Amino acid sequence: MEAVEVVAIMILIVAIAVLVYYYLLNSPATMDKLRSYVPTSADAHMDEVLSNSSDYSDLSKDKPSEKGDSVGKRIKVKLSDIDMSALNTDAFSNKIDAFLDAKSEELIKDWSLATTEDVEDLQTKFSQTTANVDSLEKDFNEFKKSSEEFQKLTEEKLNDLDKRIESLENN
């Protein structure tokens with residue numbers, strides 16, 4: 001897989017993520033449902049962890065060998081209690097944009113990407129090259145024509161010399 005294909009796939013993934021974000025943003029029922037599943041940050045309940053106190057009475061602290069409880073029930077946490085107001089994809093998008101802006105030169109060099117300046121330079125070099133090739137072709141055609149004329153003149157002179165030599169030999 002070439003670098004261009006990887007970049008195209010990454011762009012498609014980002015575009016799909018943006019579309020899903022705007023869909024969720026414009027449908028409040030779906031957004032409320034999503035907020036009940038997704039935590040806003042990793043340290044949403046860090047206060048309870050650090051102080052070793054928990055408001056979750058349905059978490060099992062008994063032995064895991066109880067037959068009626070599943071593993072899911074023993075580690076269940078109600079995600080609807082977690083505050084979703086800090087979920088901000090705009091900030092995340094801005095961080096990605098800042099990262100790409102900061103690392104764009106490095107990415108271009110690492111992936112051997114071409115910029116518009118590179119393409120313009122190549123077009124200029126191509127134009128100069130085609131002009132030079134046209135000029136060389138014209139010069140070659142002129143040389144070829146003059147070479148043919150020179151060849152004819154040389155043949156005529158050689159024939160004339162042959163005739164003179166023959167005439168001298170016959171005398």
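Here the structure is a predicted model, which is why all the values come from computation and not from measurement. Side-chain atoms are counted along with the backbone in the values below, which use heavy atoms only and exclude waters and symmetry mates.
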Qualifying residue, where the test is side chain to side chain contact (heavy atoms under 4.5 Å, CB included) with Arg164 and the options are Leu168, Leu161, Asp162 =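 Single side chain to side chain contact (heavy atoms under 4.5 Å, CB included) partner of Arg164 among Leu168, Leu161, Asp162: Leu161.
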Examine distances only and state if a side-chain atom of [X] and a backbone atom of [Y] form a donor-acceptor pair shorter than 3.5 Å.
{"X": "Asn170", "Y": "Glu166", "value": "yes"}
{"X": "Ser146", "Y": "Glu142", "value": "yes"}
{"X": "Glu5", "Y": "Glu2", "value": "yes"}

Practice item. Could you go through the side-chain contact (heavy atoms from CB on, under 4.5 Å) check for Leu153 and Glu156 one step at a time? Key: CA-CA 5 Å; Leu153 286 174; Glu156 288 175 7; 4.1 Å; yes
Nearest-0.5 Å distance, [atom1] of residue [X] to [atom2] of residue [Y]:
{"X": "Thr129", "Y": "Leu136", "atom1": "OG1", "atom2": "CG", "result": "10.5 Å"}
{"X": "Glu155", "Y": "Phe150", "atom1": "CD", "atom2": "CZ", "result": "11.5 Å"}
{"X": "Ser93", "Y": "Lys95", "atom1": "OG", "atom2": "NZ", "result": "11.0 Å"}
{"X": "Asn141", "Y": "Ser147", "atom1": "CG", "atom2": "OG", "result": "12.0 Å"}
{"X": "Gln123", "Y": "Thr116", "atom1": "CD", "atom2": "OG1", "result": "10.0 Å"}

According to a hydrophobic-cluster definition based on side-chain heavy atoms being under 4.5 Å apart (Ile, Leu, Val, Met, Phe, Trp, Tyr only), do [X] and [Y] belong together?
{"X": "Phe99", "Y": "Ile11", "value": "yes"}
{"X": "Val4", "Y": "Val14", "value": "no"}
{"X": "Leu12", "Y": "Val6", "value": "no"}

**Q.** Closest non-hydrogen atom pair, Leu107 against Leu113
**A.**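 Shortest heavy-atom separation between Leu107 and Leu113 comes out as O-CD1, 4.2 Å.
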- prompt: In terms of side-chain heavy atoms, does Thr115 have a donor or acceptor partner in Asp118 at a distance below 3.5 Å?
  reply: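 Present: a donor and an acceptor within the cut-off.
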